[in-house]
Amino acid sequence: MLYAAAAILIVLGFVFPKNKIVNIVILLYMWVLFAFNTWNADYMNYYWIYERIGTGDLWGTTVSEEGFVYLCYFFRHNLGLTYAEFLVFVATVCTILLKIVADLFSKRPNTVLALSILYPYWIMVCQYRSYIATLFSMIGIYFLFFDPKKESRYFFKRNNKIQRIMQSDTFRSAMFFVFIFIGVLFHRTAVFFAIFYIAKKFDTKRLVIITSVLFVMLFALHLPFMANFLSHFMSRSKINTWLLSDGTRTIVGLFFLVVVRIGTVIVEYFMLDSYRKSGSVSKEYLHFVEMVFKTTLISLSFLSLELYVKDYERLARVTLLLSYCIFADFLMQKKVKAEKIPVTYFVFIAFYLVHTAYYFYVRGGYLDIAFYPLFEHNSLIA
């Protein structure tokens, strides 16, 4: 039943990209999947972490992120809620944040939500601390992309009481880092998203150089002497988990990884170039697409981490969701006539098929412990 509902809602997301009723139904469906899920790869781990923190042992688990620890302590120790009840709260907050993000970054939020159901929603529900960090970071990125000199539905309007403060670059930059910091309080990997600040300050040519330098610097983290140095600041188990090879990478997997990451940058550039040539979008939206492209370009530096450890894929989810936003608008807009840019349309469609196939391939081991359980283990809909 839930599989069929997902298929129907994905189709509706494309057919009715702006419909508010469809939007509510899709979000409600996603909330039910998350809030009443009863098993996945991390479910029992989080259950025991929640229970142990509730006893007062705040720092005796594998989780050290303060935001999540104190949230668990408050709900278990102070409110006395069960883990299932806590999960309903988390799902509610995440669903609200997801709606905010989709509405902020796209005129066609239903298509964005439909794409995310295919991937990465089912893995983010399993790894929901990372999910929370990703959503907060994306709100921070919104402040980074915001241009106060231009009116657009994508950005804050200028005709409000605090317009002077909102228009200042200092305020917007501060808000970006504030939301990144909130993300870090739920998952430490969110700290890497601070790198996206560079997209605002440099042009594409310089970003290519900066990305190359960052790639080398992050790659150096895998060297033995760096592991010894970092052992003074983090546990050996975390070093083994996040810096040393997990031994699950294959030649095929690495090849697809590189193709997907670089392919995303190329496809986004095609869209940006098409918009520039066609003149079919406003300058404000063109600026937004350019910022997404530059952010995705910078994210290529994370490849040096992901080549070793598969779990760093979570760093690509921010740019993946941003890509969904401009992909959805590009495919569904009526102002651009298909006959003028048929190559770009076909490039996107072909790439998205490869893109989706890659994620199902690389997460193949998670299908049985994350994808299927999301649809088959639900206390509300048996």
Side-chain angles (χ1 to χ4, degrees), residues 1-3 6 29-95 97-98 117 119-135 183 185-190 234-242 246-248 309-314 317 359-360 362-382:
M1 179 179 177
L2 289 175
Y3 288 114
Y29 172 79
M30 298 174 80
W31 175 76
V32 168
L33 287 180
F34 190 171
F36 300 98
N37 178 249
T38 58
W39 187 83
N40 58 53
D42 290 341
Y43 187 91
M44 292 308 300
N45 288 335
Y46 277 129
Y47 171 81
W48 289 115
I49 288 171
Y50 180 75
E51 291 295 330
R52 186 164 181 175
I53 290 174
T55 64
D57 187 7
L58 276 64
W59 313 110
T61 71
T62 56
V63 175
S64 59
E65 284 80 356
E66 297 83 358
F68 185 74
V69 168
Y70 289 124
L71 191 66
C72 289
Y73 183 75
F74 175 73
F75 274 83
R76 188 69 184 103
H77 183 79
N78 296 97
L79 299 183
L81 297 184
T82 65
Y83 178 69
E85 293 168 331
F86 172 71
L87 198 60
V88 171
F89 168 78
V90 172
T92 303
V93 172
C94 286
T95 303
L97 291 176
L98 181 61
I117 289 175
Y119 193 87
Y121 188 69
W122 52 273
I123 192 67
M124 291 200 298
V125 167
C126 181
Q127 302 170 342
Y128 65 78
R129 285 195 302 118
S130 176
Y131 183 21
I132 297 171
T134 296
L135 292 173
L185 292 178
F186 289 90
H187 204 285
R188 293 290 188 246
T189 54
M234 55 194 301
S235 67
R236 177 59 64 173
S237 62
K238 289 197 172 184
I239 291 176
N240 293 337
T241 301
W242 293 105
D246 57 16
T248 61
V309 181
K310 188 185 299 183
D311 277 343
Y312 275 109
E313 172 272 335
R314 69 188 68 205
R317 292 172 195 166
Y359 281 112
F360 273 89
V362 76
R363 290 295 178 184
Y366 280 78
L367 294 179
D368 291 332
I369 58 177
F371 181 78
Y372 299 134
L374 184 64
F375 297 96
E376 298 174 4
H377 295 264
N378 193 284
S379 61
L380 187 64
I381 303 175

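Treat the numbers as computed from the prediction; the structure is a model and nothing was measured.
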Requested in this report: Write down the atom of L87, the atom of Y43, and the distance for their closest heavy-atom approach.
Outcome: CD2-CE1, 3.9 Å

Query - Salt bridge R129-E66, side-chain N to carboxylate O under 4.0 Å - result: no

Report task. For the residue pair L2 and I381, establish whether any side-chain heavy-atom pair is separated by less than 4.5 Å. Result -> yes

Query raised in the report: Between S64 and V69, what is the shortest heavy-atom contact and its length?
Result: C-CG2, 4.4 Å

Query raised in the report: Has the side chain of Y83 got a donor or acceptor atom that lies under 3.5 Å from a matching backbone atom of M44?
Result: no

Requested in this report: For the pair T61 and W48, evaluate side chain to side chain contact (heavy atoms under 4.5 Å, CB included) and give the outcome as yes or no after the intermediate values.
Outcome: CA-CA 9 Å; T61 71; W48 289 115; over 6 Å; no

Query - For F74, all residues meeting ring pair (Phe, Tyr, Trp, His ring centres under 6.0 Å), sequence neighbours excluded - result: none

Query - Pairwise side-chain contact, Y131 with L98, heavy-atom cut-off 4.5 Å (strictly under) - result: yes

Report summary line: Sorted by chain and number, sequence neighbours left out, side chain to side chain donor-acceptor pair (under 3.5 Å) with T92 holds for W31

Query raised in the report: Can you name the nearest heavy-atom pair linking L71 to F186, along with the distance?
Result: CD2-CE2, 4.1 Å

Query raised in the report: Given the rule in the side chain to side chain contact (heavy atoms under 4.5 Å, CB included) test, do I132 and C94 qualify, once you have shown the distances and angles that lead to the verdict?
Result: CA-CA 6 Å; I132 297 171; C94 286; 3.6 Å; yes

Report task. Check each of F36, W39, F34 against N378 using the side chain to side chain contact (heavy atoms under 4.5 Å, CB included) test, and report the only one that passes. Result -> F36

Query raised in the report: Under 30°, 30 to 60°, or over 60°: which ring-plane class applies to F86 and F68, parallel, tilted or perpendicular?
Result: perpendicular

Report task. Kindly give the heavy-atom pair with the smallest separation between T189 and H187, and that separation in Å. Result -> OG1-ND1, 2.8 Å

Query - Under the side chain to side chain contact (heavy atoms under 4.5 Å, CB included) test, residues paired with H77 that sit two or more places apart - result: Y73

Query - Separation between CZ of F371 and CD1 of I123, rounded to the nearest 0.5 Å - result: 11.0 Å

Query raised in the report: Can you tell me how far the CD1 atom of I117 sits from the CH2 atom of W122, to the nearest 0.5 Å?
Result: 13.5 Å

Query raised in the report: Between the main-chain N or O of D57 and the side-chain N or O of R52, is there a donor-acceptor pair closer than 3.5 Å?
Result: no

**Report entry** Partner residues of L81 under the side chain to side chain contact (heavy atoms under 4.5 Å, CB included) criterion, sequence neighbours left out
**Finding:** Y50, F75, L79, E85

Report summary line: Here the pair of heavy atoms bringing I369 nearest to P373 is C-CG, 3.5 Å

Query raised in the report: Taking all atoms of both residues into account, what is the closest heavy-atom pair of N37 and L374, and its distance?
Result: ND2-CA, 3.8 Å

Report summary line: Taken in chain and number order and not counting sequence neighbours, the residues that satisfy side chain to side chain contact (heavy atoms under 4.5 Å, CB included) with D42 are N40, N45, Y46, C126, Q127

Query raised in the report: Could you state the interatomic distance from CZ (R76) to CD1 (I53), rounded to the nearest 0.5 Å?
Result: 12.0 Å

Query raised in the report: Quick one: side chain to side chain contact (heavy atoms under 4.5 Å, CB included) partners of Y372, sequence neighbours excluded?
Result: Y3, L367, D368, E376

